[in-house]
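Read the structure below first, then the notes.
Worth knowing before you read on, the calculation uses all heavy atoms, side chains too, and leaves out hydrogens, waters and symmetry mates.
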Amino acid sequence: MDLSTTYMGLKLKSPLVVGACAPLTEDIDNIKRMEDAGAAAVVLHSFFEEQLQKERLELHHHLTHGTESFPEALTYFPEYSIFHIGEEEYLNHIRKAKETTDIPIIASLNGYDLGGWLEYAKAIEQAGADALELNIYFVPTDMNQTGAQVEQTYIDIVKAVREEIKIPLAVKVSPFFSNMANMAKRLTDAGANALVLFNRFYQPDIDLDNLEVVPHLLLSTPQAMRLPLRWIAILYGRLQVDFAATGGIHHGHDVIKMVMVGANVAMIVSTLLRHGIEYLKHIELQMLQWMEENEYESIAQMRGSMSQLNCPDESAFERAQYLKAIQTYHPVWDKRV
Ligand SMILES: Cc1cc2nc3c(=O)[nH]c(=O)nc-3n(C[C@H](O)[C@H](O)[C@H](O)COP(=O)(O)O)c2cc1C
């Protein structure tokens, strides 16, 4: 059975890729365990624009005010005390991950605007990363900023990074655009080699005991995969770009579905946080079993077979399917059905 695939020109032994996640990839031993459990590539946890800003602010204050006024300066960025690694440490982490494993290591840079932090992409390339995933995470709240302006920021960031580096560039975005298809095309034209669909915006919660807004992170459920599944199906074959699916991929069957709609790779996070890194072996086994039972010999053979272009019913991914779904739904307690 041939599970091999390609992703942005990288040859991978399977579509199973561990997605960006600090608790999973901060430890080099874990990255080695991922390789041993069957990961075809690993995306490192993100290095954040704010981390770089914090370091540069610290340096600036040391140089201009002396160290005694420094604690005061840091109060402008109280929340940034959460960062446990700096820019040099992140680069060392890439080097160590490369020395320890034989699988591609994809670094991740996470930010929201044009600025000096984008130059850091070059340092990531020089540290030996096989590719860069750029996570643009931006929650616009300015009522005077138009959607077109927000979209242009994404495009400008991608173009700026593309100019900095030669390694493959993946762009991870959220689905919150008026026309995702247009945005996918513009990101591709701006130089993205892959689209990572989709970024999940973590929604804050309210702690009723302390009356505080808290960043309560929820792991995904399998329902989350429907959105990337739909969009990869719609976009596959229409753009010169690869696709990574992320969100709700928990089982071997989920990976197969994503490949069938056109994904080159499936990124897995929540289910490894729940069940452990070795669960990757189980996912691979489920894929192999399904392929054997259904007489598939390779990933290449199934890729895109259920995309919109190859689907007998083109409307299946669009509005018609929504009408059908809500018109034919019956509650389980409805005795008439
Ligand atoms: C604890 C945790 C940390 C994460 N850290 C990052 C990160 O550093 N950068 C990033 O792009 N995505 C990050 N993500 C998002 C994941 O890469 C992934 O896109 C998302 O969790 C959906 O996949 P899943 O359903 O398999 O969890 C993180 C997710 C979790 C749960």
Side-chain angles (χ1 to χ4, degrees), residues 7-10 19-20 43-57 59-60 77 80 83 85-91 93-94 104-142 144-201 235 239-244 246:
Y7 181 50
M8 303 189 285
L10 303 169
V43 185
L44 296 182
H45 51 287
S46 294
F47 188 82
F48 295 88
E49 177 177 349
E50 290 86 342
Q51 274 169 278
L52 217 54
Q53 283 173 351
K54 177 184 172 246
E55 280 193 36
R56 288 177 185 176
L57 182 88
L59 184 65
H60 176 75
F77 296 93
Y80 295 170
F83 297 130
I85 65 167
E87 62 183 294
E88 212 26 67
E89 281 155 293
Y90 191 78
L91 300 177
H93 198 66
I94 297 172
I105 298 295
I106 303 172
S108 168
L109 196 50
N110 192 318
Y112 57 90
D113 65 5
L114 270 176
W117 68 286
L118 295 173
E119 292 154 17
Y120 190 62
K122 186 87 201 152
I124 285 176
E125 176 173 50
Q126 284 164 350
D130 294 282
L132 176 66
E133 185 174 292
L134 184 65
N135 181 336
I136 308 177
Y137 192 114
F138 179 47
V139 184
T141 53
D142 177 352
N144 295 312
Q145 190 179 30
T146 65
Q149 286 168 331
V150 172
E151 289 178 1
Q152 193 57 43
T153 307
Y154 278 74
I155 303 304
D156 292 344
I157 292 174
V158 173
K159 277 188 183 157
V161 173
R162 181 71 284 169
E163 277 171 20
E164 287 288 328
I165 56 169
K166 294 195 174 57
I167 52 174
L169 174 65
V171 181
K172 188 173 184 178
V173 288
S174 82
F176 303 124
F177 295 104
S178 299
N179 182 355
M180 187 61 224
N182 172 260
M183 216 32 210
K185 180 176 182 302
R186 291 178 67 199
L187 291 166
T188 306
D189 292 345
N193 302 107
L195 301 178
V196 184
L197 306 181
F198 285 109
N199 206 0
R200 202 151 65 103
F201 284 172
L235 297 171
L239 295 169
Q240 290 294 320
V241 77
D242 283 353
F243 294 102
T246 175

For this session: For side-chain contact (heavy atoms from CB on, under 4.5 Å), just list the numbers for Ile105 and Leu44, CA-CA rounded to whole Å, side-chain angles, deciding distance to a tenth of an Å, and then say yes or no.
Result: CA-CA 7 Å; Ile105 298 295; Leu44 296 182; 3.8 Å; yes
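- Between Lys185 atom NZ and Asn179 atom CG the span is 11.5 Å, to the nearest 0.5 Å.
- Exactly one of Glu125, Gln126, Glu119 qualifies for a side-chain hydrogen bond (donor to acceptor under 3.5 Å, both in side chains) with Lys122. That residue is Glu125.
- Atoms CG and CG, on Asn135 and Asn199 in that order, are 4.0 Å from each other to the nearest 0.5 Å.
- Summarising the geometry, atom NZ belonging to Lys159 is positioned 8.5 Å from atom CG belonging to Asp189; distances are rounded to the nearest 0.5 Å.
- Summarising the geometry of Glu164 relative to Ala121, their closest heavy-atom pair is CB-CB, 4.5 Å, with the distance given to 0.1 Å.
- Contact annotation: the side chain of Gln51 never approaches that of Tyr120 to less than 4.5 Å [non-hydrogen atoms, C-beta and beyond].
- Here the side chain of Glu49 pairs a donor or acceptor atom with the backbone of Tyr112 at under 3.5 angstrom.
- Nearest heavy-atom pair across Ala192 and Val241 is O-CG2, 3.6 Å.
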Original post:
Please walk me through it: do Leu197 and Val173 pass side-chain contact (heavy atoms from CB on, under 4.5 Å)?
Top reply: CA-CA 6 Å; Leu197 306 181; Val173 288; 4.0 Å; yes
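- Annotation: the span from Leu195 atom CG to Thr246 atom OG1 amounts to 13.0 Å, rounded to 0.5 Å.
- Proximity of Asp242 to Asn193: side-chain heavy atoms (C-beta onward) are nowhere separated by under 4.5 Å.
- Heavy atoms only, all atoms of each residue included: Ile94 and Ala129 are closest at CG2-N, 3.6 Å.
- Nearest heavy-atom pair, Tyr7 versus Ala244, reported as atom, atom and distance to 0.1 Å: OH-CB, 3.4 Å.
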- prompt: Should Ile124 and Ile165 be marked as a side-chain contact (heavy atoms from CB on, under 4.5 Å) after you check the CA-CA gap, both sets of side-chain angles, and the distance that decides it?
  reply: CA-CA 9 Å; Ile124 285 176; Ile165 56 169; over 6 Å; no
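- In this structure, the separation between CD1 on Ile155 and CZ on Arg162 is 14.0 Å, given to the nearest 0.5 Å.
- You'll find the side chain of Leu91 stays beyond 4.5 Å of the side chain of Phe47, heavy atoms only.
- Here the side chains of Ile136 and Val158 are in contact, with some heavy-atom distance below 4.5 Å.
- Between Tyr90 and His45, the ring-plane angle classifies as perpendicular under the 30° and 60° cut-offs.
- Classification of the Tyr154-Phe177 ring pair by plane angle, with boundaries at 30° and 60°, yields perpendicular.
- Taking all atoms of both residues into account, the shortest heavy-atom contact from Phe138 to Gln145 is CZ-OE1, 3.9 Å.
- The side-chain heavy atoms of Phe176 and Met183, taken from C-beta on, include no pair separated by under 4.5 Å.
- Distance CD/Glu151 to CG/Leu187: 9.0 Å, rounded to 0.5 Å.
- In this structure a side-chain-to-backbone donor-acceptor pair under 3.5 Å is missing from Glu163 to Ala160.
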